[in-house]
Student: 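Can you read through this structure? Questions will come right after.
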Amino acid sequence: MSENARLPAGYYLINFETMLREASARYEDLLRPEESQLVDQFLALPLNARRLYVRMLMRKGPWFREDGLSYAEIEDLPKSSEILCHQGFCETEASLTDMVALLKRDEIAEGLERCGIEFPKALRREALLQLWVERTSADALTADLRLRYHFLRPLHEELWELVSFMFFGNSDQDLSDFVLADIGRIHYENYAVDTSARLFQTRHDIDFLRSMRSIREQFEEAKLAGNAESMGLLTDQVLAMEPHPGIRQQRRYHRLLNDVGREWERMEDFGRASRCYALSQLPPARERLARITQDPSRACAMAIQMAAAPLDPSEERFARVFLKRQGKREPEAARWTQSHPEAPPAPILRFALPRQDSVEMAVLEAARELGWAGFFAENLLWNALFGLVFWEELFAPVPGAFVHTFQNAPMDIATPDFFTRREIAIRARLAMIEDHAYLVRRVLETANAKWGVASAFLSWRHLDRAMLQAAVEHVPSPVMASILGTMAVNPRAFSSGFPDLFLYKPGSREWALWEVKGPGDALRPEQERWLRQFRRLGCSVALARVAWVVER
DNA sequence: ACTATCGCTCAAACA
DNA sequence: TTTAAAATGG
DNA sequence: TGTTTGAGCGATCCATTTTAAA
Ligand SMILES: [Mn+2]
Ligand SMILES: [Mn+2]
């Protein structure tokens, strides 16, 4: 579809009802009777009432003033508003707080004048409002505002959130995705949608995820209010939860445990923090647990265990640094450090450069003076190569992988299933790119054919064809196969930490990867991880350390 | 997966 | 009147 | 002095309208 395509009148209602229809068809049995009934009742409302209702749902709200709602395609808005209220889809009795929140600064000033209250002209909205509330009785103010304006608020918003969650499979996308696709802002791949697959088998699958979100919000609220008691109750609730077998549910749960634990750690309640971390199987739970453990020899034992089977590069890094530090006092730690010597991940190149906005661009310029050509590549380049080489595998019609038309990756992209369910195809593709001519063709042709099509691995806006071409021509096939093969096992986890600069010598096979570090910056564990892998593969890698010099 | 993430910067603690 | 942030809507 | 650690920041579709604050 082309940019600036005209949308049909009431497009938002069409989209809303499409979402409603598809979600309730797929998950009919997961809706409660009263929810299904509300859906039917909504669909039976007159067109203008449905339009007005959805217009409000799309806006921030939750309260509106009827005089602030005006749409060319909705005739007789007051009548629609009345129908909505009468049918139980809207309420009108706003609290004083909700009402005054909808008053503009000048309207508050007018109100003060009406009440004969003197005020300095330059007072800000907040101050004016405070003055009005202080000098008027709440009852009088409420009565005055009710008389002067009609307030309106759509009800049952939670139901539509549930429906949207069912439709998209997440709470991050919403109806604006329909619009972005229709006007051509985003082009989604034309994959086959699986109409029978279900992301959720039971209502509990959904409610568990929704409760994770709700508890997180409540905890955050209690934290901001400084309400330690409420935080404690929520924590007990989280700790007592029955584990859910779903992979996604577990990840959300462990994530919540980590964040809650971290907050107790900040508040120096290490007992509560430990209980949270002990239940979590997601980094950095083990690291936090080792850090707050009082007994140093137990902490070292934990670190040694972590080093033996790290869940991610941060665990590996932590264990090494921690054991090295404990080595003075703990003989076990000293023994481990001695038997696990580490080579530096990359040779260091030192630069003294005049200060610039971007330290990476400064080094890129310095490299150009040394005869290099190159790009600020970082994750962008390698993710793009991954997304292009495996384009067909990523969008392959694996059962359940695609459940609606607004996806930039299969649903299982962040799970171990992604690799296992496509292993044969992925291995076949890796074998094919061992042929360097095929690799070059594959990447450049796919880029041309798919330029602009939404993929989680491609930032077309920032991608540079010249960079792709240079990379694909200089990186040897076995290196490419090793890197992309590693990424394929867990594309999300391995999508970051790539070196800043991709460099090459024009007209030669020579190429290099440099990670740039300004003063005070240090290698992050994932960055070290990739540097070591590239180095193991025989690539030229370097750590470019920059010191700023005063230019004179 | 934009109450999420990644990478940079800064400052304090640490060795 | 100007500027910037927030909200809106295609 | 250099390194480690934790916290904080920016940047996301984008053109136009509304609102607040000078
Ligand atoms: Mn970087
Ligand atoms: Mn860097």
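Owing to the predicted nature of the structure, the values given are computational and were not obtained by experimental measurement. Labels below follow one simple rule: chain letters A, B, ... track the order of the sequence lines, proteins then strands, and each chain is numbered from 1.
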Student: For nucleotides 12-22 of chain D, just jot down a letter per nucleotide in 5' to 3' order: B, S or -, based on protein non-hydrogen atoms under 4.0 Å.
Tutor: -BS----SSSS
Student: Would the H404(A) and F167(A) ring centres measure less than 6.0 Å apart?
Tutor: yes
Student: Could you work out the separation of dT8(C) and dA7(D) based on their C1' atoms and round it to a whole Å?
Tutor: 34 Å
Student: Mind telling me whether dT12(D) is syn or anti, cutoff 90° either side of 0?
Tutor: syn
Student: Classify the ring geometry of H244(A) against F208(A): parallel below 30°, tilted from 30° to 60°, perpendicular beyond 60°.
Tutor: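 The arrangement is tilted - the two ring planes meet at 30° to 60°.
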Student: For nucleotides dA11(D) and dA4(C), find the distance between their P atoms and express it as a whole number of Å.
Tutor: 15 Å
Student: What nucleotide among dA7(C), dT5(D), dG9(C) has an atom nearest to a side-chain atom of K60(A)?
Tutor: dA7(C)
Student: Could you tell me the separation between the CD atom of E161(A) and the C1' atom of dT3(B), rounded to a whole number of Å?
Tutor: 14 Å
Student: Rounded to whole angstroms, how far apart are CZ on R65(A) and C1' on dA7(C)?
Tutor: 15 Å
Student: Are R213(A) and S171(A) close enough that a side-chain donor and a side-chain acceptor fall under 3.5 Å?
Tutor: yes
Student: Using whole Å, report how far CD of E316(A) lies from C1' of dT4(D).
Tutor: 18 Å
Student: Using a cut-off of less than 4.0 Å, is there contact between a side-chain N or O of R317(A) and OP1 or OP2 of dT4(D)?
Tutor: no
Student: Rounding to the closest angstrom, what is the interatomic distance between dA5(C) and dG10(D) at atom P?
Tutor: 11 Å
Student: Could you tell me whether R545(A) contacts a base, only the sugar-phosphate backbone, or nothing, with contacts defined as non-hydrogen atoms closer than 4.0 Å?
Tutor: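 Since no nucleic acid heavy atom lies under 4.0 Å of R545(A), the category is nothing.
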Student: Remember a base hit wins even if backbone is also touched, and classify F219(A) as base, sugar-phosphate or nothing at under 4.0 Å, heavy atoms.
Tutor: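 Nothing, no nucleic acid heavy atom in range.
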Student: Is R262(A) touching bases, backbone alone, or none of the nucleic acid, heavy atoms closer than 4.0 Å?
Tutor: sugar-phosphate
Student: R266(A) CZ to dA7(D) C1': how many Å, rounded?
Tutor: 8 Å
Student: For the P atoms, the ones on dA1(B) and on dG7(B), what distance do you get once it is rounded to whole angstrom?
Tutor: 14 Å
Student: Just name whichever nucleotide pairs with dA22(D), Watson-Crick or G-U, keeping both distances under 3.5 Å, else none.
Tutor: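 Its partner is dT1(C).
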Student: Kindly compute the distance separating CG (L364(A)) from CG (L503(A)), expressed to the nearest 0.5 Å.
Tutor: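 The CG atom of L503(A) is 6.5 Å from CG of L364(A), to the nearest 0.5 Å.
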Student: Would you mind reading off the distance between E287(A) atom CD and dT4(D) atom P, rounded to a whole angstrom?
Tutor: 13 Å
Student: Between S280(A) (side chain) and L282(A) (backbone), is there a donor-acceptor pair under 3.5 Å?
Tutor: yes
Student: Which whole number of Å gives the distance between the C1' atom of dC8(B) and that of dT2(C)?
Tutor: 34 Å
Student: I need a per-nucleotide contact map over nucleotides 4-15 of chain B, read 5' to 3'. Cutoff is protein heavy atoms under 4.0 Å; write B for the base, S for backbone only, - otherwise.
Tutor: -SSSBBB----S
Student: Who does dA4(B) pair with, Watson-Crick or G-U, both distances under 3.5 Å?
Tutor: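 dA4(B) is unpaired by these criteria.
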Student: For T415(A), check side chain to side chain donor-acceptor pair (under 3.5 Å) against everything at least two apart and list the hits.
Tutor: none
Student: Does any N or O in the side chain of R320(A) come within less than 3.5 Å of the main-chain N or O of A307(A), such that one atom is a donor and the other an acceptor?
Tutor: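 Side chain of R320(A) to backbone of A307(A), a donor-acceptor pair under 3.5 Å: no, none is there.
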Student: May I have the distance from I247(A) (atom CD1) to dA1(B) (atom C1'), rounded to whole angstrom?
Tutor: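 I247(A) atom CD1 is separated from dA1(B) atom C1' by 16 Å.
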Student: With no hydrogens and no angle check, is any side-chain donor or acceptor of N170(A) less than 3.5 Å from a backbone partner on Q173(A)?
Tutor: yes
Student: With distance as the sole criterion, is a donor-acceptor pair present between the side chains of E73(A) and Y12(A) under 3.5 Å?
Tutor: yes
Student: Find the distance L102(A):CG to dA7(C):P and express it as a whole number of Å.
Tutor: 12 Å
Student: Taking CZ from F165(A) and P from dT3(B), how many angstroms apart are they, rounded to a whole number?
Tutor: 15 Å
Student: Could you tell me how the ring of W160(A) sits relative to the ring of Y53(A): parallel (under 30°), tilted (30 to 60°) or perpendicular (over 60°)?
Tutor: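 Rings of W160(A) and Y53(A): perpendicular, as their planes differ by over 60°.
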Student: What I want to check is whether the side chains of Q218(A) and K223(A) have a donor and an acceptor closer together than 3.5 Å.
Tutor: no
